[in-house]
Protein chains: 2
Amino acid sequence: MRWEELEKQPCSIARSLAVFGDRWTLLVLRESFMGVKKFADFQANLGISKTIVADRLRHLTDHGILEKVAYQKNPVRYKYKLTRKGLDIYPVFLSITRWGDTYYPGKKGVPLVYHHKNCDHDFNAVSICSECGEPVDARDVIARPGPGAGSYARSANETLSEKKVG
Amino acid sequence: MRWEELEKQPCSIARSLAVFGDRWTLLVLRESFMGVKKFADFQANLGISKTIVADRLRHLTDHGILEKVAYQKNPVRYKYKLTRKGLDIYPVFLSITRWGDTYYPGKKGVPLVYHHKNCDHDFNAVSICSECGEPVDARDVIARPGPGAGSYARSANETLSEKKVG
DNA sequence: ACACTAAGTATCAATACTGGACTTAGTCAA
DNA sequence: TTGACTAAGTCCAGTATTGATACTTAGTGT
């Protein structure tokens with residue numbers, strides 16, 4: 001399977017990963033969420049070559065996740081800022097952070113503390129069910145084909161029609 | 001920066017991505033969450049070579065995310081099941097799904113519908129603040145160094161000490 | 001004229017991935 | 001009792017993709 005084929009799969013995970021599911025793309029996004037905006041800063045913080053930075057920034061810009069804006073003229077210089085579409089990826093990073101904090105906190109504790117301005121508390125992110133408001137556990141979820149499923153075969157020794165997640 | 005260096009960074013995102021932030025690893029995990037357990041099914045569903053499947057399953061097993069269990073003897077056959085540590089990655093996939101459903105739902109609607117057995121409703125995942133219970137937006141979060149931060153330099157034209165996310 | 005900066009590109013070497021053959025330990029069918 | 005088949009892999013060669021180094025561009029400052 002190729003990268004571009006991913007985009008066409010009837011699966012929101014595959015389609016999302018086609019957009020930002022690459023190692024460096026995810027790290028570039030992390031930098032964005034940390035407030036980094038300039039090409040040179042992305043490169044310096046990540047310690048990777050300019051080729052990758054340029055490629056990933058272009059990719060994210062093409063997909064409407066970052067916006068390239070000139071912040072000065074003569075010579076023209078650019079910054080990359082998150083669009084609404086990009087900001088909406090934040091829950092993914094909160095979830096990743098939560099998992100990392102839980103299983104790899106380090107000897108002295110977590111590396112970063114996240115503070116919620118609205119309620120003025122340090123917090124963790126919790127994934128809840130939109131309907132009942134309870135935290136969701138993988139074992140309590142069943143995935144069924146939706147209206148956009150189309151017909152495609154998979155195998156897991158059961159059909160996809162009623163499959164327990166996990 | 002190399003893959004292994006990622007693991008040592010004082011950042012839960014970097015450390016988590018070192019474990020599962022690879023394209024194929026993420027897709028293997030998706031299959032796991034869809035109920036796939038057997039080597040041959042991972043390979044068939046993903047349409048990738050056995051070499052990669054073997055490599056990624058070993059990687060996930062080594063990191064305690066999947067568990068390799070013999071489900072029969074004579075001849076011995078194995079299945080790969082999610083551990084608690086693995087199941088706890090589920091919120092990451094819920095968040096990815098939510099984003100994909102929002103921005104790439106397809107013409108006919110979402111490809112998969114997720115059903116919460118506990119409340120018997122189809123649902124979406126929402127990332128909320130553990131303290132106030134409100135949905136978290138990237139712009140409302142500030143990241144500060146935590147107890148495990150150590151001293152390391154970054155640049156974003158500001159210090160890391162008080163940085164708005166986004 | 002020369003050094004310097006931010007933001008890139010071009011070239012080529014390193015790495016990751018594919019596809020096929022092979023392995024192992026067993027079953028089933030003729 | 002040979003031959004075909006299965007699941008779960010390994011190994012190897014060739015190809016495709018990725019990434020690091022050096023170069024480019026368009027401007028400023030001295």
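Sequence lines set the chain letters: A, B, ... in the order given, protein chains first and strands last, and positions in each chain run from 1.
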Report, one line per pair, each donor and acceptor closer than 3.5 Å where one atom sits in a side chain of residues 54-62 of chain A; sequence neighbours left out.
unit_1	atom_1	unit_2	atom_2	d
A/Arg56	NE	A/Asp22	OD2	2.7
A/Arg56	NE	A/Thr25	OG1	3.4
A/Arg56	NH2	A/Asp22	OD1	3.4
A/Arg56	NH2	A/Asp22	OD2	3.3
A/His59	NE2	A/Val19	O	3.0
A/Thr61	OG1	A/Leu57	O	2.6

Let me check something: any side-chain donor-acceptor pairs from residues 121-130 of chain B under 3.5 Å, sequence neighbours excluded? List them with distances.
unit_1	atom_1	unit_2	atom_2	d
B/His121	ND1	B/Cys119	O	2.9
B/Asp122	OD1	A/Arg144	NH2	2.8
B/Asp122	OD1	B/His115	ND1	2.7
B/Asp122	OD2	A/Arg144	NH2	3.3
B/Ser130	OG	A/Asn124	N	2.9
B/Ser130	OG	A/Asn124	O	3.1

Send over the distance from [X] [atom1] to [N] [atom2], rounded to a whole Å.
X       : N      : atom1 : atom2 : value
A/Asp22 : C/dA16 : CG    : C1'   : 13 Å
A/Arg56 : C/dT9  : CZ    : P     : 14 Å
A/Phe42 : C/dA7  : CZ    : C1'   : 13 Å
A/Ile48 : C/dT15 : CD1   : P     : 16 Å
B/Asn74 : C/dT24 : CG    : P     : 17 Å
A/Ile52 : C/dT15 : CD1   : P     : 13 Å
B/Leu46 : C/dG19 : CG    : P     : 13 Å
B/Leu27 : C/dC17 : CG    : P     : 12 Å

Legend entry - Set of residues satisfying side chain to side chain donor-acceptor pair (under 3.5 Å) with respect to B/Tyr103, sequence neighbours excluded: A/Asp88
Inset, instruction - Under the side chain to side chain donor-acceptor pair (under 3.5 Å) rule, collect the residues that match up with B/Ser12, sequence neighbours excluded. - result: A/Asp101
Legend entry - Test side-chain contact (heavy atoms from CB on, under 4.5 Å) applied to B/Ser49 - qualifying residues, sequence neighbours left out: B/Thr51, B/Ile52
Inset, instruction - Check whether any side-chain N or O of A/Thr83 sits under 3.5 Å from a backbone N or O of A/Glu67 as a donor-acceptor pair, and report yes or no. - result: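 Pair absent, no side-chain N/O of A/Thr83 close to backbone of A/Glu67.
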Inset, instruction - Output the distance between atom CG (A/Leu27) and atom CD1 (A/Ile48), rounded to the nearest 0.5 Å. - result: 7.5 Å
Inset, instruction - Show which residues join A/Val110 in its hydrophobic cluster (side-chain heavy-atom contacts under 4.5 Å, direct or indirect), or state none. - result: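 Reading the cluster by chain and number, A/Val110 sits alongside A/Val113.
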Legend entry - Any B/Ser49 side-chain N or O less than 4.0 Å from OP1/OP2 of C/dT18: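 Yes, B/Ser49 has a side-chain N/O under 4.0 Å of OP1/OP2 on C/dT18.
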Legend entry - Of all pairs that satisfy salt bridge (Lys or Arg N to Asp or Glu O under 4.0 Å), the ones with a partner from residues 124-137 of chain A, not counting sequence neighbours: A/Asp137-B/Arg84
Inset, instruction - Summarise protein proximity over nucleotides 3-17 of chain D in one line of letters, 5' to 3': B for base, S for sugar-phosphate only, - for none, counting protein heavy atoms closer than 4.0 Å. - result: ---BBSBBB------
Legend entry - Bend angle of the helix from C/dA1-D/dT30 to C/dA30-D/dT1, end axes from five pairs each (to 10°):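 Comparing the first five pairs with the last five, the axes sit 10° apart.
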